[in-house]
Amino acid sequence: MTFNNKAILLAVFSLSIATLTHAQSGENTYKQVCASCHGAGVLNAPKFGDKAKWAPLIAEGQVTLTAHAYFGVRGMPPKGGNPNLSVEGFADALVYMVNNSGGKWTSPDAKTVAAINKEVEARKAGSNKK
Ligand code: HEC
């Protein structure tokens, strides 16, 4: 029984670490990948904290905005210019940016991630252009 208890403790511990990392990674990814353009508004990128610029974007909804930005739109490079960035990592960085620019989003759950992926695929297929 001692072994089982340890295993459960370990599982709970790993889970809380995972949750912590997840919550912080959006900010880290933003700083590492997005801030170079969105921090100062380079190339007319909607600036971090600029509520007026972000309001109409936030109004598009999390699935649409995340998918279109991840796919790339006009001056916004696909995946923020980082080919290794996952949809989840990108989405969390965007949540961090949105929540500091007048919005109130949460890290997307599995269902939302699936919807984002579907929308990215639709963009790839060339349908559903903005
Ligand atoms: C090389 C510069 C650059 C980097 C790096 C970058 N962006 Fe952008 N981003 C832009 C520009 C420029 C636009 C404005 C595009 C336009 O409307 O012409 C933009 C627009 C956006 C939009 C609005 C898209 C829309 O539908 O209008 C979102 C959301 C976004 N970026 C998220 C991110 C996130 C999240 C990251 C980091 C993971 C990131 N960007 C990294 C330059 C950048």
Side-chain angles (χ1 to χ4, degrees):
M1 270 335 228
T2 327
F3 172 74
N4 276 342
N5 284 342
K6 260 192 195 154
I8 288 167
L9 256 178
L10 194 69
V12 171
F13 185 67
S14 320
L15 204 69
S16 31
I17 293 279
T19 313
L20 265 178
T21 319
H22 197 54
Q24 284 174 352
S25 68
E27 180 177 356
N28 288 340
T29 306
Y30 165 75
K31 286 178 177 159
Q32 282 160 16
V33 184
C34 324
S36 53
C37 293
H38 287 272
V42 174
L43 303 168
N44 212 24
K47 206 169 153 181
F48 186 89
D50 186 338
K51 292 185 183 168
K53 272 250 172 138
W54 277 100
L57 296 171
I58 292 168
E60 287 182 23
Q62 187 168 18
V63 170
T64 304
L65 187 64
T66 306
H68 293 181
Y70 187 78
F71 179 76
V73 52
R74 296 175 298 271
M76 168 66 196
K79 306 181 181 183
N82 182 338
N84 297 321
L85 193 55
S86 66
V87 164
E88 289 89 341
F90 185 91
D92 281 350
L94 182 53
V95 166
Y96 177 74
M97 195 148 49
V98 160
N99 288 354
N100 282 280
S101 309
K104 201 164 187 271
W105 285 1
T106 51
S107 180
D109 57 14
K111 215 174 122 196
T112 308
V113 169
I116 293 168
N117 274 316
K118 204 174 151 208
E119 182 65 24
V120 171
E121 289 308 315
R123 281 260 146 161
K124 275 186 198 156
S127 59
N128 202 10
K129 286 240 159 67
K130 215 199 265 182

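Positions are given from 1, in the same order as the sequence printed here.
The two atoms that bring S107 and D92 nearest to each other are OG-OD1, 2.7 Å, heavy atoms only. The two atoms that bring L65 and L57 nearest to each other are CD2-O, 3.5 Å, heavy atoms only. Between P46 and K53 the shortest heavy-atom distance is CA-CD, 4.2 Å. Y30 and M97 make their closest contact through CE1-SD, 3.4 Å (heavy atoms, listed as atom of the first residue, atom of the second, distance). The minimum heavy-atom distance linking E88 with V113 is given by the pair OE2-CG1, 3.6 Å. T29 and G89 get closest at one heavy-atom pair: CG2-O, 4.0 Å.
Checking D109 against T112 by side-chain atom types alone, a donor-acceptor pair falls below 3.5 Å.
Judged by distance alone, with hydrogens and angles left aside, the side-chain atoms of N99 form a donor-acceptor pair with the main-chain N or O of W105 at under 3.5 Å. Between the Y70 side chain and the N117 main chain, no donor and acceptor come within less than 3.5 Å of each other. One N or O on the side chain of Q62 and one on the backbone of T106 form a donor-acceptor pair closer than 3.5 Å.
A salt bridge does not link K118 to E121: none of the charged side-chain nitrogens sits closer than 4.0 Å to a carboxylate oxygen.
For the atom pair CG (L43) and NE2 (H38), the distance works out to 9.5 Å, reported to the nearest 0.5 Å. To the nearest 0.5 Å, the span separating CD on E27 from CD on Q32 amounts to 10.5 Å.
In this structure, F48 has its ring center under 6.0 Å from that of Y96.
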